[in-house]
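The next block holds one structure in the form of structure tokens; read it before the comments.
One-based numbering, in listed order, for ligands and for the atoms of each. Note that this is a predicted model, so its numbers are computed, not measured. Values reported hereafter were calculated over all heavy atoms of this structure, with side chains retained and with hydrogens, waters and symmetry mates removed.
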Amino acid sequence: MNRTWWKESVIYQIYPRSFHDTTGNGMGDIRGIINKLDYIKSLGVDIIWLCPVYESPNYDNGYDISNYKKISPRFGSEKDFDELLEQIHSRGLKLIMDLVVNHTSFHHHWFEESKKSKDNPYRNFYFWRKGKNGGPPNNWQSFFSGDAWTYDKTTDEYYLHLFTREQPDLNWENPAVREEVYKIMKFWLDKGVDGFRMDVISLISKLPKLPDTNTSNFDETIRRFYANGPKIHEYLKEMNQKVLSKYDIMTVGEGPGIDLENGPLYVEEERKELNMIFHFGHMFIDNGPGGKYDPVDVDLVTFKDVFNQWDEQLKNRGWGSIFLGNHDFSRMVSRFGNDTQYHRESAKLLATLLCTLRGTTYVYQGDEIGMTNVAFSSIEEYNDVETLNSWKAAKSRGENMDAFLKIVHRQSRDNARTPMQWNSEKEAGFTEGTPWLPLNQNYIDINVAKQEEDTNSILHYYRDIIAFRKQHPVLVYGDYESLDHENPQIYAYRRWNDNHEFIIIHNFSDSNAQWSYIEDTHLYTMVKTNSKNTLSLFELAPWQTKILKKN
Ligand code: ISL
């Protein structure tokens, strides 16, 4: 595979409203990020991915954009942004922006125009349809509960929105829409940004005639009716040819409905579309038949299957993204680790996984100190639209709401959105005002300042393991092979090239593990681990991770 800077990079994702507030209004801002750039640099990461900071009425925390070229005054000014970019570059870091172009805000002027009349020049920027049998044009449901259509009486038609009703879907079939999107992209690239994370890019090509879904399984509806539409690759190729190929940048497309079969089509290098994708193989792994708010337990072998199958699919074809959390999911240590008794060990184990699988490493803010899920005592404290809508839907189905609150604790996107825990002072040093979303009260114990002091902390381990990855290109480009795959307690794999070989062993459990798979045990030496003990080379304490080097 070709070697490039973005394959070797570690990416740090910032959710700006929860990062650092400098104005006292309770919401993080751009100056807050500037203030923390030395901290970010100290982690050893290379690229910052900034979640949306554009003008937005914030029905979905900025993923509903009303002006793509303006910075939201909540976050700062255009000048602040320019300074951020300059300060990032002056530290040798790069910046990628969130590009949210499957939909706009309903306050975007294109949509405001489009609503006015059937012959408005912007009408065809969106999907307007007549109702059917006194209801919406088809039976599609939104990702956030309820119909994916909203009626508008001005023209007696419905418009399509796969997310909230305040996020109407753009009609990419219309070449004028695509040209406008390319202009926006060029605007930011000409300013010097280093690439894009493309929000739900898998959804931009809609099925002709928008047919009814014929399954009640929502994940299946996404796969078969919403995602990977017939023109998706035509659009991405056009975008690549007209915009992306003109710059030395990176792209990562986010994609519900991207699966093993269609995934490579987005990233195969010779196809010239995107560089990487975020698939949700492991992130939807615990969705039950009723979706995300009907969670089921997952076993380690299934989890390993996802990573193995994707590595197998992408090798020699395209490049992977290795992530275990972001602003849409529970905290990774609560979800895949043990956030109580083995908090420190399991957070470090997961960091090791992120840095030693094949693909670009993504770290979500706060994971580097092992931030955990939160459990607010009432639904009133939650903010996320997906959570609140799921709550309403459960209530209207007559569910037991005490039990549902427990599911919210486990699944809510707000788990990942509580403010960054900088120190043990008031509001964790995040703000001098009242935070827009309450803090996780465990900030007294889990915070950056405390972990800076403790050389055995999760934070120090992140710096260490990121540096380790950088020192060993075999961990980036080397081959990957899962070992002892059916083992329900251990995730072990080999990474190697012509000159070097590592075996990485993770004990994903609360008990000791003896791993007797390797025969030539004398050939290996341990070069890194997350816990000090005197166990033999192939014995691991709970949540212990070991990197062994072949002599
Ligand atoms: O959040 C999810 C699961 O709980 C996903 O289904 C998510 O909605 C999907 O991955 C798309 O996410 C992206 O687009 C959304 C936005 O709300 C998310 O924050 C964003 O990451 C709509 O723009």
Could you tell me, for ligand 1, which of its N or O atoms are under 3.5 Å from any protein N or O, listing the pairs and their distances rounded to 0.1 Å?
| residue | atom | partner | partner atom | Å |
| --- | --- | --- | --- | --- |
| ligand 1 | 1 (O) | R413 | NH1 | 3.3 |
| ligand 1 | 4 (O) | K292 | NZ | 2.5 |
| ligand 1 | 4 (O) | E386 | OE1 | 3.4 |
| ligand 1 | 4 (O) | E386 | OE2 | 2.5 |
| ligand 1 | 10 (O) | E254 | OE2 | 2.9 |
| ligand 1 | 12 (O) | E254 | OE2 | 3.1 |
| ligand 1 | 12 (O) | D328 | OD2 | 3.2 |
| ligand 1 | 14 (O) | D199 | OD1 | 2.9 |
| ligand 1 | 14 (O) | D199 | OD2 | 3.1 |
| ligand 1 | 17 (O) | D60 | OD1 | 3.2 |
| ligand 1 | 17 (O) | D60 | OD2 | 2.5 |
| ligand 1 | 17 (O) | R413 | NH1 | 3.0 |
| ligand 1 | 19 (O) | H327 | NE2 | 3.0 |
| ligand 1 | 19 (O) | D328 | OD1 | 2.7 |
| ligand 1 | 21 (O) | R197 | NH2 | 3.0 |
| ligand 1 | 21 (O) | H327 | NE2 | 2.9 |
| ligand 1 | 21 (O) | D328 | OD2 | 2.5 |
| ligand 1 | 23 (O) | H103 | NE2 | 2.9 |
| ligand 1 | 23 (O) | D199 | OD2 | 2.8 |

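At a cut-off of 3.5 Å, with distance as the only test, a side-chain donor of Y12 or E368 sits close to an acceptor on the other residue. Donor-acceptor pairing under 3.5 Å is recorded for the side chains of D339 and S334.
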- Message: Could you walk me through whether H161 and F106 satisfy the ring-ring contact (aromatic ring centres under 6.0 Å, His included) test, starting with their C-alpha distance in whole Å, then the side-chain angles of each, then the deciding distance to 0.1 Å, before giving a yes or no?
- Response: CA-CA 10 Å; H161 53 88; F106 72 147; over 10 Å; no

- Task: Carefully, step by step, assess R224 and D219 under the rule salt bridge (charged side-chain N to carboxylate O under 4.0 Å, His left out).
- Result: CA-CA 9 Å; R224 293 186 26 230; D219 286 344; over 6 Å; no

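R197 and E254 are joined by a salt bridge, as a carboxylate oxygen and a charged side-chain nitrogen come within less than 4.0 angstrom of each other.
A distance below 6.0 Å separates the ring centres of F280 and F329.
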